[in-house]
Amino acid sequence: MDCCGHGHVLAPPPGIWSPAAIPVAAMLAGGATPRGSTAAAKTAETASAALEVLHQSISVDVHSHGGRTGITSAAPPSGDIARDMRAGSLAVACLADVPDGPILGRNAAGALAVVRPPAPGELYKHHLERLAWMDELVANHGLRRALDAADLEAAHRAGHPAVVADVEGLDFLDGRLERLEEAHRRGIRHVQLVHYTPNDIGDFQTGTITHVLALARRREKLMAKPKLRFGVVYDFRNPVDSGMTHPSLYAAIVEQVAWLDQLGLDLVWFTEHHFIEDGYLPSWIPVASAMAARTQHVRFSCDVCLLPFNHPLRLVEDLAVLDNISNGRVEIGVGMGYAPHEFRGFGLPVSRRVSLTDEGLEVLRLAFTGESFSFAGKRYSFENVKIAPSYVQPGGPPLWIAAMAEPGADRAARFKANLLPQGPRARTLDHWRAQVRAAGGEPDSFRIGIIRSCLVTDDPDRDWAAVRLAERRRMEVYNRFRAEAGGHGGVAGITEEARIPQTWIVGDVAQCVAALTRFIREYGLTDVVTWGVPPGMRPEQMAPSLERFAREVAPQVKSAMAD
């Protein structure tokens with residue numbers, strides 16, 4: 001454990017590992033002249049490319065190797081660091097964890113190098129011990145953590161010694177890139193992929209980058225990996241025997257979403273269908289707009305918006321308004337639709353659903369650029385249009401595409417969209433992953449979402465009966481769609497058993513956490529939502545389960561997935 005640092009924060013700006021940055025790394029490593037030389041230092045300081053890196057990312061160069069303990073974890077935690085920092089009027093230092101310290105040594109040339117391979121789990125264990133050493137210093141020996149710029153400023157104003165936690169060398173990840181997220185939660189705010197060691201002119205890299213090169217290439221992949229999110233989904237179905245009017249149901253659900261937002265849920269999704277006698281939600285953006293005005297955190301999307309029934313220009317304008325109302329909290333999931341009665345109702349032949357969907361997606365992608373565009377297709381033609389107001393989110397709302405079989409998975413890969421797999425794993429999720437990789441993409445950088453509901457209860461015999469009845473009502477409608485369309489989503493030959501499971505998980509907190517964790521790991525999911533109000537039920541009937549889902553289940557699953 002040293003008190004040193006010179007590297008980049010966990011979230012670098014786009015392009016930090018681009019080819020343009022490679023010469024910068026060489027110069028900072030002394031590659032242009034002998035390592036550790038004054039000429040190498042001058043080259044790094046004066047190179048415009050190197051300065052650009054430093055301008056675009058937070059870089060720390062604070063060194064304080066002195067002190068009675070030598071500031072090393074070979075000594076037990078003590079107050080020496082805080083006392084010596086006060087004596088030297090040093091407000092903030094970068095405290096570095098060197099997790100692969102046990103396998104590092106000097107080679108024949110005197111450079112820092114790996115002297116033996118690590119035992120399985122050895123580096124991770126050492127890393128956790130170093131973090132515990134830091135925690136002890138902060139908890140009991142006069143130091144505070146600096147986690148952001150405000151903490152740095154506060155430390156300087158107060159003259160209270162503070163530390164920025166650093167990791168120097170990242171092979172402790174063992175290929176489990178989620179450990180960087182774990183390190184962030186433990187207070188790490190500074191990482192470097194190579195080791196630095198003192199020499200006659202200061203701390204410059206003197207060892208050859210060897211075992212950490214692969215991590216440098218994979219770091220961007222890790223930082224792009226989406227965080228796990230949980231939420232709730234609504235369809236606003238209101239059978240006549242529910243005892244609620246449509247206005248009262250809408251009002252109650254808006255109140256429920258405002259409450260769930262305060263409990264920390266991440267998502268609110270909607271589903272769309274048309275001409276259903278129980279009022280199945282036909283238009284989700286007005287509802288999302290009403291909820292956006294009452295919330296601060298949750299993001300809104302649809303699983304799915306039926307693109308053939310939504311004129312793409314009208315849709316992108318509505319999304320722009322919602323994006324502004326919500327201050328950038330809108331996403332959009334789309335599908336083709338398959339229920340024949342809906343196509344009849346809109347006066348469209350079912351045979352047009354593919355072309356209407358594909359052209360609609362092309363228009364969405366063009367509109368989301370924020371630039372003027374023209375489009376000429378079989379179904380739509382526009383000349384020099386630009387969407388206003390502009391989107392809050394650069395590039396527009398994140399796009400999702402539903403897939404029941406290979407054509408939908410191909411479409412999601414082609415449009416570089418997040419995936420809503422609604423069919424068999426091999427025909428949707430696995431096929432999509434293969435297509436993304438074939439196009440040079442990384443599937444793990446995308447989101448994969450599904451509706452998988454939880455009833456969190458300590459008494460299933462008491463609480464499941466009402467939900468089960470409501471689910472039978474739900475399936476009656478879907479079964480009718482399926483019979484008319486000739487299969488799930490209009491795709492023949494798919495059985496309920498073959499699909500990625502979407503059945504309810506029923507049990508106490510521990511049971512729901514265990515089942516959801518297994519499910520998410522098995523399918524690599526990033527977004528999971530539970531039904532908020534099953535058809536015919538009242539929002540208050542689901543409130544106890546939803547509260548435990550938000551307060552207990554979701555946080556515990558996130559924690560389990562990070563381990």
Side-chain angles (χ1 to χ4, degrees), residues 227-238 242-273 278-305 310 314-333 389-393 396-400 447 449 451 453-454 456 470 527-555 558:
K227 294 181 180 180
L228 182 60
R229 304 188 301 189
F230 288 96
V232 65
V233 56
Y234 295 98
D235 58 12
F236 287 85
R237 291 179 59 183
N238 189 26
S242 72
M244 298 188 75
T245 64
H246 288 296
S248 62
L249 178 65
Y250 275 73
I253 291 178
V254 170
E255 290 295 328
Q256 186 175 82
V257 167
W259 170 63
L260 292 172
D261 179 68
Q262 295 175 357
L263 295 184
L265 282 186
D266 307 298
L267 306 168
V268 177
W269 285 4
F270 308 95
T271 58
E272 174 190 331
H273 275 296
D278 61 11
Y280 201 127
L281 184 65
S283 183
W284 67 278
I285 290 180
V287 179
S289 297
M291 292 177 176
R294 297 285 310 279
T295 57
Q296 287 79 45
H297 174 68
V298 290
R299 296 180 63 82
F300 303 96
S301 190
C302 192
D303 184 8
V304 291
C305 174
N310 289 268
R314 178 78 266 180
L315 178 59
V316 295
E317 287 184 327
D318 288 346
L319 288 169
V321 172
L322 176 56
D323 202 39
N324 279 269
I325 292 173
S326 65
N327 195 25
R329 291 185 287 127
V330 60
E331 304 180 11
I332 174 68
S390 58
Y391 295 96
V392 173
Q393 300 176 86
L399 178 64
W400 298 70
R447 290 193 167 276
I451 300 171
S453 296
C454 274
V456 190
D527 294 68
V528 178
V529 296
T530 182
W531 282 109
V533 184
M537 296 187 68
R538 294 170 173 264
E540 62 266 23
Q541 290 177 271
M542 293 299 296
S545 173
L546 290 174
E547 181 170 11
R548 299 183 74 183
F549 181 79
R551 289 188 185 275
E552 301 177 70
V553 173
K558 289 179 179 180

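Only this structure's heavy atoms are used, side chains among them; waters, hydrogens and symmetry mates stay out.
- Using bins of under 30°, 30° to 60° and over 60° for the plane-to-plane angle, the ring pair Y234/F270 lands in the tilted bin.
- Ring planes of Y250 and H246: perpendicular class, angle over 60° (limits at 30 and 60°).
- Side chain of Q393 to backbone of D323: no donor-acceptor contact under 3.5 angstrom is found.
- Note that CG of L546 and CZ of R548 are 12.0 Å apart. Values are rounded to the nearest 0.5 Å.
- Applying the ring pair (Phe, Tyr, Trp, His ring centres under 6.0 Å) criterion to W400, with sequence neighbours excluded, gives W269.
- For the residue pair R538 and G243, the shortest heavy atom distance occurs at NH2-O, 3.4 Å.
- Contact check for L260 versus V268: no side-chain heavy atoms found under the 4.5 Å cut-off.
- In terms of heavy-atom proximity, P534 sits nearest to A470 at CB-CB, 3.4 Å.
- The salt bridge (Lys or Arg N to Asp or Glu O under 4.0 Å) test applied to R329 returns no partner, not counting sequence neighbours.
- A salt bridge links K558 with D266: the closest approach of a Lys/Arg side-chain nitrogen to an acidic carboxylate oxygen falls below 4.0 angstrom.
- Side-chain N or O atoms of N238 include one that pairs as donor or acceptor with a backbone N or O of M244 at under 3.5 Å.
- The backbone N or O of R229 sits nowhere less than 3.5 Å from a side-chain atom of D527 that would complete a donor-acceptor pair.
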